[in-house]
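Here is the structure we will look at, set down as structure tokens.
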Amino acid sequence: MENVSNQLSYLKGLIDGIKVDPESDYGRIFEGIINVLDEINDSIDDIAQYQDELADQIDLIDEDLAVIEEELSDEDDFDDDDDFEYYEIDCPKCGATVCLDEDFFDTDRPVTCPECGEEFDIEFDCDGDCEGCDACE
């Protein structure tokens with residue numbers, strides 16, 4: 001961008017050096033061209049400054065994202081967490097796997113498949129060894 005500014009200054013110097021009358025047709029044309037080039041140069045400088053600011057912001061976002069990625073990678077998977085149990089049930093309509101936590105079974109709500117939206121109830125076969133089951137009591 002500095003090169004464009006230098007070339008524009010050089011052109012201004014050339015025009016001043018040839019002593020073109022500013023009131024002549026050529027003088028007005030040269031002045032108009034220089035004014036347009038000045039505006040273009042200012043716009044290029046503004047764009048370059050904005051681009052630098054965006055690059056700085058992207059660097060900050062990248063650093064924040066790296067911290068988040070590190071925090072997420074340090075967390076244990078749900079499979080390794082003994083306090084959290086979930087059960088996988090296949091949707092009878094589309095066969096998609098639906099994961100339910102154990103608290104869900106304490107409700108009377110039907111299961112809703114996240115893939116197809118089908119609602120279905122879960123039927124249990126009791127072997128007589130469970131605790132708190134209506135069939136065993």
Side-chain angles (χ1 to χ4, degrees):
M1 303 311 144
E2 188 175 315
N3 190 28
V4 174
S5 296
N6 291 340
Q7 290 177 351
L8 186 56
S9 295
Y10 177 73
L11 283 176
K12 287 179 183 179
L14 284 177
I15 291 172
D16 287 343
I18 60 174
K19 299 192 189 318
V20 175
D21 181 18
E23 300 301 319
S24 71
D25 291 340
Y26 290 117
R28 288 193 300 264
I29 291 172
F30 284 142
E31 183 178 346
I33 291 172
I34 293 298
N35 288 338
V36 169
L37 291 175
D38 269 336
E39 289 294 322
I40 292 171
N41 186 49
D42 290 344
S43 295
I44 290 172
D45 287 342
D46 290 345
I47 291 170
Q49 181 180 359
Y50 184 67
Q51 181 181 1
D52 290 341
E53 290 172 7
L54 284 178
D56 291 342
Q57 289 177 352
I58 289 172
D59 289 341
L60 291 173
I61 291 170
D62 188 45
E63 290 171 9
D64 291 344
L65 183 58
V67 169
I68 292 170
E69 287 173 343
E70 185 176 325
E71 287 177 8
L72 288 177
S73 68
D74 289 343
E75 290 184 7
D76 293 337
D77 292 334
F78 284 119
D79 294 338
D80 297 336
D81 191 359
D82 294 333
D83 295 336
F84 182 77
E85 289 189 40
Y86 69 95
Y87 301 92
E88 295 180 351
I89 300 186
D90 293 332
C91 173
K93 181 176 181 183
C94 69
T97 302
V98 180
C99 296
L100 304 171
D101 66 2
E102 57 189 19
D103 294 337
F104 180 83
F105 297 105
D106 294 336
T107 67
D108 292 331
R109 296 179 304 173
V111 177
T112 303
C113 176
E115 295 294 323
C116 68
E118 177 76 13
E119 288 187 356
F120 58 94
D121 291 319
I122 302 172
E123 295 181 19
F124 294 98
D125 293 328
C126 181
D127 59 4
D129 293 333
C130 58
E131 297 175 19
C133 171
D134 291 336
C136 293
E137 293 179 0

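Looking at R28, its side chain never comes within 3.5 Å of a backbone N or O of P22 through a donor-acceptor pair.
Atoms CD1 and CD, on I44 and E39 in that order, are 11.5 Å from each other to the nearest 0.5 Å. Rounded to the nearest 0.5 angstrom, L100 CG and I89 CD1 are separated by 4.5 Å. To the nearest 0.5 Å, the span separating NZ on K12 from CD on Q7 amounts to 13.5 Å. Atom CD of E63 is separated from atom CD1 of I68 by 12.5 Å, given to the nearest 0.5 angstrom. Rounded to the nearest 0.5 angstrom, Y50 OH and S43 OG are separated by 15.0 Å.
Considering all non-hydrogen atoms of both residues, C91 and C94 come closest at SG-N, 3.5 Å. Closest heavy-atom contact between D45 and S5: OD2-OG, 4.3 Å. For V98 against T112, the heavy-atom pair with the smallest separation is CG1-O, 4.4 Å.
Using a 4.5 Å cut-off on side-chain heavy atoms (C-beta onward), D90 and T97 make contact.
Both I18 and L8 are part of a single hydrophobic cluster, where members link through side-chain heavy atoms under 4.5 Å apart. When the side chains of ILVMFWY residues are joined at heavy-atom separations under 4.5 Å, either directly or via intervening members, L60 and L54 end up in two distinct hydrophobic clusters.
For Y10, the side-chain contact (heavy atoms from CB on, under 4.5 Å) partners are L14, not counting sequence neighbours. Here D42 pairs with nothing under the side-chain hydrogen bond (donor to acceptor under 3.5 Å, both in side chains) rule; sequence neighbours left out.
Each of L37, V36, N35 was compared with I33 under the side-chain contact (heavy atoms from CB on, under 4.5 Å) criterion, and only L37 meets it. The side-chain contact (heavy atoms from CB on, under 4.5 Å) test with E23 is passed by exactly one of D21, D25, V20: D21.
Around OH of Y26, the count of heavy atoms belonging to other residues, nucleotides or ligands within 6.0 Å does not exceed 12.
Cluster partners of L65, using a side-chain heavy-atom cutoff of under 4.5 Å among ILVMFWY residues and allowing indirect links: none.
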